[in-house]
A.B. asks: 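Sharing a structure with you now.
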Amino acid sequence: MADGGGQLSSAVAVEAPRRESLWRRTPWWARVLFVYGGARALTTIALAFTAGQLTPQSRAGADPDFFSYSALWDGYWYWYIAAVGYPTELPLDAAGYVAENQWAFMPVYPFLVSALAALSGAWWPVAAFTVSLLFGFGAAVLLYRLFLLRLDEDQAFFGVVIFSVSPLSFIFQMAYAEAMHTFLLVLALYLLIRRKWGWLFPVTAVMALTRPSGLAFALTLALYWLVRLVQRDRDPFPRREQVVVGGLAVFSGVMGLFWPAAAWIATGSITAYTDTELAWRAPIIGHQHLVPFAPWFQAFDFYLGAPLGAIVVVLIVGAFALSLVLPSVRRLGVEMRLWVVSYALYLLAVFFPQSSTFRLLIPMFPLAGALAQPRSVLYRISVIVVSLVLQFGWLWLTWGPVSSWWTVP
């Protein structure tokens with residue numbers, strides 16, 4: 001009896017490492033794809049369930065098919081751009097102000113989807129779903145390689161897990177440009193850390209015409225240039241590299257202004273792009289000019305009243321600034337931290353906080369690397385569970401059976 005029990009214990013002890021080693025022996029990219037694919041399978045189930053609860057008053061109506069449902073909100077705009085392009089005459093509302101129109105959306109994603117649809121014969125929403133899904137998988141694979149430059153394998157992998165199940169991640173399989181932009185941004189940060197300057201020029205150009213990011217990335221490069229210059233005694237920054245990085249910063253800034261310039265040339269209005277963007281906030285605060293760093297104060301004054309709104313904004317900014325000096329954030333390295341700072345300043349300067357602001361936080365994905373560093377099993381399980389619950393909550397509030405159109409995802 002004792003001998004048989006010992007043999008059984010030995011068998012179990014051998015089998016456990018064998019199962020673990022099988023996972024460890026699996027190529028890293030296969031493990032990343034498995035995790036990301038599992039997360040998207042859960043998202044698909046949640047989307048199918050939510051779509052089944054819609055009412056005739058919902059944005060998509062009752063019982064929409066899955067692919068047209070995945071092309072709601074911004075997806076409709078991208079679909080419209082694919083069909084008719086951009087207006088040369090800005091539409092006006094009843095009061096004579098510029099109304100919502102296609103110029104608020106960058107062209108690379110809808111045109112790429114249209115190219116795939118034309119080549120494959122697929123329905124546009126199906127092609128959009130496919131493009132987003134594939135870029136999401138690509139972003140997850142690249143993100144692991146990016147985190148691995150600053151973290152160990154275990155932390156880098158869990159960073160990808162957090163990215164895959166994050167409350168905003170279901171947007172990576174919708175007809176939105178976020179998945180494509182995230183892929184390009186991960187690639188750009190990877191190239192920046194590896195100092196592959198030549199490749200950064202085309203990547204930055206395409207990225208800036210996928211989602212608004214050129215100006216924020218230009219600020220990142222400018223700050224990076226200053227850091228390298230200050231630290232040149234410890235990390236040599238030769239003159240040729242100074243010129244290349246400085247030129248790249250200027251190039252990114254030019255690409256950030258390219259789309260507003262294109263709208264100006266096409267419509268004849270120098271403020272075509274900004275007037276179009278302001279049209280989305282006009283129903284809340286009325287028609288106003290864009291004043292840098294004013295939108296957040298305007299929004300929180302509207303939501304909470306003065307002076308409480310301004311106090312909350314200051315507290316948010318202060319808390320964010322303090323988070324940047326945490327050891328877990330500092331371990332991400334200067335490049336990722338500079339991007340997070342630059343993008344945060346960009347959002348603070350020009351965007352008006354509303355429900356879609358949560359989606360606009362996706363480019364801050366490097367912070368997933370900071371959240372991934374604790375190794376407690378309980379902590380990691382809690383992060384996954386909380387993320388999935390928040391993801392379903394956001395899905396339900398923005399894509400669910402609601403009749404209020406302001407809850408834009």
Side-chain angles (χ1 to χ4, degrees), residues 73-74 93-100 104 166-168 171 211-213 215-220 222-223 256 260 271 273-330 337-368 370-371 386-387 389-391 393-398 402-409:
W73 300 103
D74 286 10
D93 61 19
Y97 293 99
V98 173
E100 298 172 358
S166 69
L168 308 168
I171 211 72
R211 288 283 304 158
S213 55
L215 295 178
F217 201 71
L219 178 57
T220 299
L223 294 174
T271 58
Y273 178 73
T274 53
D275 287 345
T276 297
E277 290 285 3
L278 291 171
W280 262 266
R281 66 189 69 169
I284 301 176
I285 61 171
H287 294 279
Q288 300 185 24
H289 294 293
L290 177 61
V291 179
F293 297 102
W296 281 71
F297 292 96
Q298 293 170 337
F300 278 86
D301 280 350
F302 174 81
Y303 298 139
L304 304 176
L308 180 59
I311 294 172
V312 169
V313 172
V314 172
L315 290 175
I316 291 174
V317 173
F320 176 77
L322 289 175
S323 71
L324 295 174
V325 300
L326 293 174
S328 58
V329 178
R330 292 175 63 86
R337 284 185 291 138
L338 287 178
W339 162 253
V340 170
V341 170
S342 300
Y343 186 70
L345 286 172
Y346 178 67
L347 287 183
L348 186 65
V350 301
F351 278 102
F352 183 87
Q354 53 181 315
S355 56
S356 62
T357 301
F358 296 107
R359 173 171 55 87
L360 298 178
L361 298 178
I362 289 175
M364 291 188 177
F365 60 79
L367 296 177
L371 295 175
V386 170
S387 294
V389 170
L390 291 176
Q391 181 183 145
W394 193 61
L395 170 65
W396 185 265
L397 289 174
T398 54
V402 294
S403 57
S404 299
W405 284 41
W406 66 268
T407 52
V408 184

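Sequence positions, counted from 1, serve as the residue numbers for this chain.
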A.B. asks: Output the distance between atom CZ (Arg281) and atom CD (Gln298), rounded to the nearest 0.5 Å.
C.D. replies: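 Result: 7.0 Å between the selected atoms.
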A.B. asks: Check Val98 against Ala279 and note the closest heavy-atom contact, atom names and distance.
C.D. replies: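 Scanning both residues completely, I find the closest heavy atoms to be O-CB, 3.4 Å.
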A.B. asks: Locate the shortest heavy-atom distance separating Asp93 from Ala99; write the atom from each residue and the value.
C.D. replies: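 For Asp93 and Ala99, the tightest heavy-atom pair comes out as N-CB, 4.0 Å.
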A.B. asks: Show the numbers, then the answer: is there a side-chain contact (heavy atoms from CB on, under 4.5 Å) between Phe352 and Ile285?
C.D. replies: CA-CA 10 Å; Phe352 183 87; Ile285 61 171; 3.7 Å; yes
A.B. asks: With heavy-atom distances below 4.5 Å as the criterion, would you say the side chains of Phe358 and Thr398 are in contact?
C.D. replies: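 Side-chain contact under 4.5 Å: no.
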A.B. asks: Which atom names give the shortest non-hydrogen contact between Trp339 and Phe217, and what distance separates them?
C.D. replies: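 Residues Trp339 and Phe217, closest heavy atoms: CZ3-N, 3.6 Å.
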A.B. asks: Can you find a heavy atom in the side chain of Arg337 that is under 4.5 Å from one in the side chain of Leu223?
C.D. replies: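 Not in contact.
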A.B. asks: Considering all heavy atoms of both residues, which atom of Leu168 and which atom of Arg359 are nearest to each other, and what is their separation?
C.D. replies: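 The answer is CD2-N, 4.1 Å.
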A.B. asks: Return the CG to OG distance between Leu371 and Ser328, rounded to the nearest 0.5 Å.
C.D. replies: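 Between atom CG of Leu371 and atom OG of Ser328 there are 7.5 Å.
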A.B. asks: I want to check something: taking the side chain as every heavy atom from C-beta on, are Leu361 and Leu347 in contact at a cut-off of under 4.5 Å?
C.D. replies: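 Side chain of Leu361 against side chain of Leu347, heavy atoms only: contact under 4.5 Å found.
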A.B. asks: Between Ser213 (side chain) and Arg211 (backbone), is there a donor-acceptor pair under 3.5 Å?
C.D. replies: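 Judged by distance alone, yes, a pair lies under 3.5 Å.
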A.B. asks: Specify the closest pair of heavy atoms between Pro295 and Pro353, including all atoms of both residues, with the distance to one decimal.
C.D. replies: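 Heavy atoms of Pro295 and Pro353 come nearest at O-CD, 3.8 Å.
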A.B. asks: To the nearest 0.5 Å, what is the distance between CG on Asp275 and OH on Tyr273?
C.D. replies: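 So the gap between those two atoms works out to 12.0 Å.
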A.B. asks: Under a 4.5 Å cut-off applied to non-hydrogen side-chain atoms, are Trp394 and Pro167 in contact?
C.D. replies: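 Heavy-atom side-chain distance check fails, nothing below 4.5 Å.
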A.B. asks: Is any side-chain heavy atom of Trp296 closer than 4.5 Å to a side-chain heavy atom of Val317?
C.D. replies: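 Trp296 vs Val317: side chains apart.
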A.B. asks: Less than 4.5 Å apart, side chain to side chain, heavy atoms only: is that true for Pro212 and Tyr346?
C.D. replies: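 A side-chain contact exists here, since the closest heavy-atom pair is under 4.5 Å.
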A.B. asks: Look at the side chain of Trp280 and the backbone N and O of Ala104, then say whether any donor-acceptor pair between them is shorter than 3.5 Å.
C.D. replies: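 Absent.
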A.B. asks: So, for Tyr343 and Leu360, which heavy atoms are closest and what is the spacing to 0.1 Å?
C.D. replies: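 In terms of heavy atoms, the two residues are closest at OH-O, 2.6 Å.
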A.B. asks: After noting the C-alpha distance and the side-chain angles of Phe320 and Met364, does the key distance pass the side-chain contact (heavy atoms from CB on, under 4.5 Å) rule?
C.D. replies: CA-CA 12 Å; Phe320 176 77; Met364 291 188 177; 4.3 Å; yes
A.B. asks: Kindly compute the distance separating CG (Leu395) from CD1 (Ile171), expressed to the nearest 0.5 Å.
C.D. replies: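 If I round to the nearest 0.5 Å, the distance is 9.0 Å.
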A.B. asks: Apply side-chain contact (heavy atoms from CB on, under 4.5 Å) to residues His287 and Leu278 and explain how you reach the verdict.
C.D. replies: CA-CA 7 Å; His287 294 279; Leu278 291 171; over 6 Å; no
A.B. asks: Do Phe300 and Ile316 have side chains that approach each other closer than 4.5 Å (heavy atoms only, starting at C-beta)?
C.D. replies: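 SC-SC contact between Phe300 and Ile316 confirmed.
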